[in-house]
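Lettering of chains follows the sequences in order, A, B, ..., and the numbering in each one begins at 1.
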Amino acid sequence: MSTLVGEVGALVAENVSEVLESTAGSEPGVDRSTWQILAEGGWGTISADPENGMELRDVLEVARISGRHPCSTPLITTLLAGRWFEVDDDTLEDGVAVAFARGDQVVAPFWTEGLVVLDGSGSPVAVEPSAMESFSLVAPVAVLPASTSALGGDHLAEARAAFVAVAVGCADAVIARAIDWSQTREQFGQTIKGFQAVRHHLANAHIAREQAWTAAIAAAHDPERSGRWARQGFSLAREAIELGIQVHGGVGFTWEVGLQHFLDEVVQLDSILGERR
Amino acid sequence: MSTLVGEVGALVAENVSEVLESTAGSEPGVDRSTWQILAEGGWGTISADPENGMELRDVLEVARISGRHPCSTPLITTLLAGRWFEVDDDTLEDGVAVAFARGDQVVAPFWTEGLVVLDGSGSPVAVEPSAMESFSLVAPVAVLPASTSALGGDHLAEARAAFVAVAVGCADAVIARAIDWSQTREQFGQTIKGFQAVRHHLANAHIAREQAWTAAIAAAHDPERSGRWARQGFSLAREAIELGIQVHGGVGFTWEVGLQHFLDEVVQLDSILGERR
Amino acid sequence: MSITRFDEPAAAEFREDVSAWVRDALPDMWRTSRAVMTPEEVQSAQREWDTALYEGGYAGLAWPAEYGGRGFGPIEELIYYEESSRANAPDGFGRIGRVLAGPTIIAAGTDAQKAKYLPRILDGSEIWCQGFSEPGAGSDLASVSTTAKKVDGGYLVNGQKIWTSFAQYSKRCLMLVKSSSELPRHHNLSFLLLDMEQDGVDVRPIRQINGEEEFSEVFFTDVFVADDDLVGEEHEGWRVAMTVLSNERGTTEAATRLVEATAQIDLLGRCCAAGSDDAARLDDRRELLRWHILRSTEEKAAELDWFVAGSILKVQWSELIQDATRLGLDSGCAEHRGYWRHHYLASKAMSIYSGTNEIQRNIITDRVLRVAR
Amino acid sequence: MSITRFDEPAAAEFREDVSAWVRDALPDMWRTSRAVMTPEEVQSAQREWDTALYEGGYAGLAWPAEYGGRGFGPIEELIYYEESSRANAPDGFGRIGRVLAGPTIIAAGTDAQKAKYLPRILDGSEIWCQGFSEPGAGSDLASVSTTAKKVDGGYLVNGQKIWTSFAQYSKRCLMLVKSSSELPRHHNLSFLLLDMEQDGVDVRPIRQINGEEEFSEVFFTDVFVADDDLVGEEHEGWRVAMTVLSNERGTTEAATRLVEATAQIDLLGRCCAAGSDDAARLDDRRELLRWHILRSTEEKAAELDWFVAGSILKVQWSELIQDATRLGLDSGCAEHRGYWRHHYLASKAMSIYSGTNEIQRNIITDRVLRVAR
């Protein structure tokens with residue numbers, strides 16, 4: 001057991017990061033055109049071939065990177081599906097979403113038209129576009145037919161680890177913005193980075209984010225307790241984001257600033273993947 | 001129902017405060033000579049005569065004052081016993097301790113030789129000096145014969161309200177010392193009162209202390225839930241004291257500075273009067 | 001003579017009066033079909049409520065009798081808020097006028113301003129909003145940058161306000177503007193009463209973190225305010241604003257938040273987190289908040305060290321509601337998932353508005369504990 | 001070559017070696033009758049343990065081979081600490097020498113110092129203590145006021161140190177003193193190795209908040225230190241101290257604290273707060289701390305951004321233990337009341353020593369997030 005990322009993971013993460021930095025839109029929602037570029041670069045199929053040596057820990061590294069961007073792509077679910085199922089490369093290049101249980105529903109988060117949805121055994125599920133949850137403006141969720149089998153067992157455990165890593169990426173994004181904001185925003189004649197209360201909020205956000213990252217890594221190594229790790233990981237990532245929003249003051253609440261995307265994404269993921277007490 | 005203190009309570013509190021300020025030792029433990037002065041001033045018997053008009057809310061005011069001093073006197077239990085039982089003035093002037101259940105034991109906190117201990121029905125209990133708990137250096141506790149009936153019902157509820165008020169007095173003392181310390185202690189070339197982290201610790205201590213005081217007042221009005229109020233009140237007073245100690249840094253841990261008396265007193269009271277979950 | 005203790009018989013009587021009146025005065029539709037009303041019907045019920053308050057004598061509870069009020073104190077106000085929230089009465093559009101604009105004009109306005117504005121605030125015919133917050137100012141209210149330029153007979157206002165409730169319904173706005181670029185801080189602001197129904201006033205709703213549009217941004221371009229609508233001295237608006245804000249905070253706001261917290265914590269205890277220690281602890285904190293409000297109200301009525309309470313209450317209710325909604329998310333009952341997500345996101349703003357919780361803690365150390373910096 | 005990942009086969013082998021050795025090497029009495037040993041017997045077991053570590057080759061795990069060490073890295077160290085705490089091995093008196101004095105002398109000492117001191121640290125024959133903290137300095141270590149006055153052939157030390165562990169058993173003290181009253185901050189301190197067995201050294205145990213005497217105050221009156229016992233340049237002791245303290249914090253301390261937290265949280269889950277959400281949450285946090293230590297250790301071994309971990313771990317373990325002991329008090333099992341009271345009071349110091357949690361948060365913002373003030 002090692003908690004460190006492997007070479008493949010570091011390489012993929014670096015390349016995916018470059019693509020997302022250069023192309024990804026800043027609007028929340030699933031960004032098809034960015035996915036196109038990633039798929040063409042071969043990043044969607046890389047986990048499907050065992051010879052490439054991509055481990056779950058490596059997927060986490062990529063998941064964290066992808067969580068940092070407000071737009072979503074099916075990269076993580078595609079990488080996971082490539083690990084788990086016999087899926088042909090064409091399907092992987094189209095992008096894959098997977099079916100999760102949420103309460104008594106089965107849902108596919110981050111789904112958009114054109115993505116293939118796989119059920120818990122890797123078989124495709126037909127999705128009506130009308131199945132989109134109307135409430136989920138920022139992190140689209142498709143409600144699947146009730147008969148769909150949802151992900152379970154080790155696959156669910158791996159998905160939990162990967163999506164806690166996505167949540168850590170969300171926290172990374174909000175903390176980075178909070179740091180920037182603290183260096184430009186003036187209050188009472190000084191930038192707010194001078195206030196120890198703001199500085200300690202940032203420190204506490206960092207502590208929570210690092211702990212969440214540990215939870216993601218632990219989840220990858222300890223599948224039997226993945227539900228507990230997911231609960232802790234999402235909760236810690238959320239705490240980091242809450243603090244980052246508090247640092248922003250009132251502007252943290254406006255749609256335009258866009259912090260809600262990250263918070264809401266973590267809340268949604270938690271409702272699907274976190275184990276309830 | 002009113003949450004405000006009456007005239008009698010304000011008057012007694014003011015006078016008791018004067019006596020304690022001028023005579024009370026700074027050593028923890030029960031201070032017999034200060035009690036002598038209080039008793040001679042007639043403050044031990046004032047609650048026994050209904051014509052004086054002293055209400056429970058007034059006892060709380062006095063209890064808070066008495067909690068501010070590291071030495072203890074039997075004033076509060078004596079005032080309570082005077083309200084509850086037919087006790088002659090001579091006994092009240094000697095000072096009265098009362099019997100509380102603690103787990104499967106019956107104990108008399110703040111007892112010392114010469115004090116009369118009354119059981120739950122107001123009858124005297126003989127106490128062996130050897131019954132003192134060895135561990136309780138700062139807030140002496142006498143373990144009573146197992147057959148002793150402990151305080152219950154409305155009397156227990158009133159005692160809870162009064163001793164939460166004592167705990168608030170303990171918090172008052174630690175906060176006052178923390179404020180003084182913050183104004184003299186220098187770190188990194190400035191007094192620590194300049195650090196917002198210290199200032200917010202003080203603010204949070206104040207918030208907790210005020211909430212604890214509300215819990216004491218609520219307990220006096222709402223005897224049916226006195227256990228819950230005691231739990232909350234002690235816990236909030238303890239939180240205030242913890243923050244005051246944190247402000248003191250390392251010196252808060254030395255016996256000489258004496259903050260441990262207040263913390264330990266609240267912990268002891270909570271173990272006797274707080275309702276466990 | 002207003003009530004100073006809840007144990008006076010007058011307090012119980014007043015509570016009965018209010019409770020009976022609220023039951024009678026509630027708009028029919030509100031009582032019977034609140035859950036299915038259209039937005040237009042809700043608005044019309046809110047306007048009806050403004051009128052009912054006036055006719056029932058509840059519009060100016062704490063206003064002096066000479067201005068049409070009842071001359072009551074904080075205890076009567078709290079009793080009114082408790083009873084109206086218990087009955088789920090609507091929130092009228094006239095709140096800012098009754099609670100902020102009216103008292104400000106009474107305290108600092110001219111006789112002409114009193115005669116012109118107070119009656120229409122009381123009877124609900126003119127809705128007011130407040131223009132204090134600005135995107136660039138945040139917690140540092142004294143740094144507002146909306147300007148008022150002196151012109152013949154008045155001022156021209158230019159700039160932007162934010163987080164303005166009721167802006168789209170308002171006839172008037174009480175606002176703080178920068179009237180001098182040279183005078184020192186706190187002596188460079190003026191307090192104006194602005195007519196919102198003019199060209200150059202542009203109200204744009206703000207879409208919040210939970211997708212709702214509760215507040216607006218308001219843009220002002222060369223909007224005229226007559227000299228007669230200056231409150232207090234020119235450039236001394238900061239002093240006037242401090243009066244308004246000390247009204248804004250405190251027991252009244254806490255009492256309405258207590259109602260909100262109660263609904264949430266009841267739901268947790270009844271369903272989503274039933275039987276958990278977490279829910280029981282929140283219920284204890286809710287009950288403590290209730291007593292803290294009662295206590296603060298009596299201390300305020302008795303003119304004890306009142307200054308203290310506002311900041312403590314603000315921190316208490318905001319953190320209580322944030323913790324309750326977080327537990328709602330975490331306890332994860334499927335039926336109420338949407339409810340908790342909505343309220344959780346909305347509650348994130350509570351530690352920021354009405355003075356951030358950091359500012360409240362600064363106030364406590366600065367002004368209550370009086371620890372100099 | 002030391003181990004850099006826990007998934008190397010060498011890591012599992014090393015763990016087995018350590019585990020087997022600890023089982024064998026434990027002093028007999030410690031194993032069989034630890035609970036009933038007299039204070040003298042405990043001390044003698046601790047001294048025995050110092051010798052056993054030396055003889056077993058575990059005294060200088062991370063010291064370079066040329067000084068008698070094994071040249072290992074943080075992973076081997078963590079494995080050693082995990083296995084020895086699992087076996088409840090005693091804490092030797094030689095810890096400060098092995099973990100602080102030795103590495104400091106290796107990094108910054110002269111050849112003569114190395115030859116004179118290192119062997120006796122390794123074999124446990126000379127116990128060391130550290131003299132950094134002072135009553136007047138607190139978190140601001142650079143403001144120490146114990147002075148070293150230059151005299152012929154050395155220095156005369158005067159002043160007071162506090163919170164000194166093992167002082168009463170120590171032959172030597174590594175300490176930071178103020179050697180100049182004129183030079184600027186951070187360039188006015190010197191780092192000395194002081195012989196404690198001299199007149200003028202007065203050790204007084206400190207009675208702590210829980211009644212225990214774990215630490216001492218040490219008073220120095222005209223105590224001589226020879227020039228040969230200056231470490232690094234005169235007046236540049238701050239730089240040396242920073243080396244020592246970066247050794248002090250981090251994974252090793254966290255690993256020993258994890259053992260403490262585990263004992264407490266097990267007791268909560270088994271007895272005092274069995275079945276409660278609170279106990280389950282603490283257990284989750286304990287398990288997270290364990291993984292955080294593993295992760296930090298691997299990152300340190302791989303020389304990733306190691307700097308980060310120490311402060312986070314410190315905040316984590318101190319708050320975890322404080323919360324655990326608080327729950328112990330609150331869950332209130334009668335049998336363990338005394339246990340929890342004792343550990344609760346003792347835990348209050350944890351957010352203060354080893355750098356207060358406020359200082360840790362400052363470090364995170366300053367040096368990890370690199371937000372300039």
Side-chain angles (χ1 to χ4, degrees), chain A residues 101-105 107 133-139 141 181 184-190 192 195-198 200-201 231-232 234-235 238-239 241-264 266-268 270-277, chain C residues 133-143 162-163 185 205-215 217 272-273 276-278 318 322 325-342 344-359 361-362 365:
Chain A
R102 183 184 69 181
D104 48 11
Q105 293 179 316
V107 297
E133 217 172 47
S134 65
F135 196 47
S136 304
L137 299 167
V138 293
V141 170
W181 177 251
T184 52
R185 174 68 163 183
E186 288 195 13
Q187 294 275 270
F188 307 103
Q190 55 175 294
I192 62 171
F195 294 105
Q196 201 179 23
V198 168
H200 282 194
H201 279 336
R231 184 172 57 213
Q232 263 200 105
F234 288 127
S235 164
R238 190 177 66 195
E239 184 184 330
I241 293 172
E242 289 177 352
L243 288 163
I245 289 178
Q246 182 73 15
V247 167
H248 276 82
V251 304
F253 293 88
T254 54
W255 196 261
E256 288 69 27
V257 169
L259 300 178
Q260 79 290 341
H261 170 69
F262 298 104
L263 182 58
D264 200 34
V266 173
V267 167
Q268 298 266 17
D270 187 25
S271 80
I272 294 167
L273 291 162
E275 187 176 78
R276 307 266 80 84
R277 274 193 195 285
Chain C
S133 300
E134 292 189 7
S139 296
D140 185 7
L141 182 57
S143 73
I162 198 169
W163 310 117
R185 190 175 157 90
I206 299 171
R207 195 166 177 201
Q208 281 166 267
I209 201 166
N210 61 354
E212 286 202 347
E213 296 177 346
E214 200 182 329
F215 304 101
E217 287 178 295
C272 309
S276 75
D277 282 354
D278 291 330
S318 59
Q322 290 183 339
T325 57
R326 209 183 278 110
L327 178 59
L329 276 189
D330 287 344
S331 55
C333 142
E335 183 190 349
H336 297 107
R337 186 188 304 119
Y339 174 91
W340 291 119
R341 174 173 168 272
H342 175 89
Y344 165 76
L345 293 174
S347 79
K348 291 293 103 204
M350 290 182 176
S351 45
I352 295 192
Y353 60 53
S354 290
T356 67
N357 287 11
E358 290 79 10
I359 295 283
R361 291 184 162 95
N362 289 348
T365 323

**Student:** Sort Tyr344(C) into side chain, backbone, both or neither according to what part of it lies under 4.5 angstrom from a heavy atom of chain A.
**Tutor:** side chain
**Student:** Tell me which of these, Ser143(C), Ser133(C), Cys333(C), Ala137(C), has more heavy-atom pairs under 4.5 Å with chain A than the rest.
**Tutor:** Ala137(C)
**Student:** Taking Gln105(A), Arg238(A), Glu186(A) one by one, which has the highest count of heavy-atom pairs under 4.5 Å against chain C?
**Tutor:** Arg238(A)
**Student:** Determine, for Asp330(C) against Arg231(A), whether the closest basic-nitrogen to carboxylate-oxygen distance falls under 4.0 angstrom.
**Tutor:** no
**Student:** Can you name the nearest heavy-atom pair linking Ala334(C) to Gly103(A), along with the distance?
**Tutor:** CB-CA, 4.3 Å
**Student:** How long is the gap from CD on Gln322(C) to CD on Glu242(A), to the nearest 0.5 Å?
**Tutor:** 7.0 Å
**Student:** State the CG-CZ distance between Leu329(C) and Phe234(A), to the nearest 0.5 angstrom.
**Tutor:** 13.0 Å
**Student:** Let me confirm one number: the CZ-CD1 distance from Phe195(A) to Ile359(C), rounded to the nearest 0.5 Å.
**Tutor:** 7.5 Å
**Student:** Where do Gln187(A) and Asp140(C) come nearest, in terms of heavy atoms and distance?
**Tutor:** OE1-N, 3.3 Å
**Student:** What part of Arg361(C) lies closer than 4.5 angstrom to a heavy atom of chain A: side chain, backbone, both or neither?
**Tutor:** neither
**Student:** What are the two closest non-hydrogen atoms of Trp163(C) and Val251(A), and how far apart are they?
**Tutor:** CZ2-N, 4.3 Å
**Student:** Could you tell me whether the side chain of Glu358(C) and the main chain of Ala197(A) form a donor-acceptor pair under 3.5 Å?
**Tutor:** no
**Student:** Distance from Asp270(A) atom CG to Arg341(C) atom CZ, nearest 0.5 Å?
**Tutor:** 12.5 Å
**Student:** Which heavy atom in Gln246(A) sits nearest to a heavy atom in Ser351(C), and how many Å separate them?
**Tutor:** OE1-OG, 2.6 Å
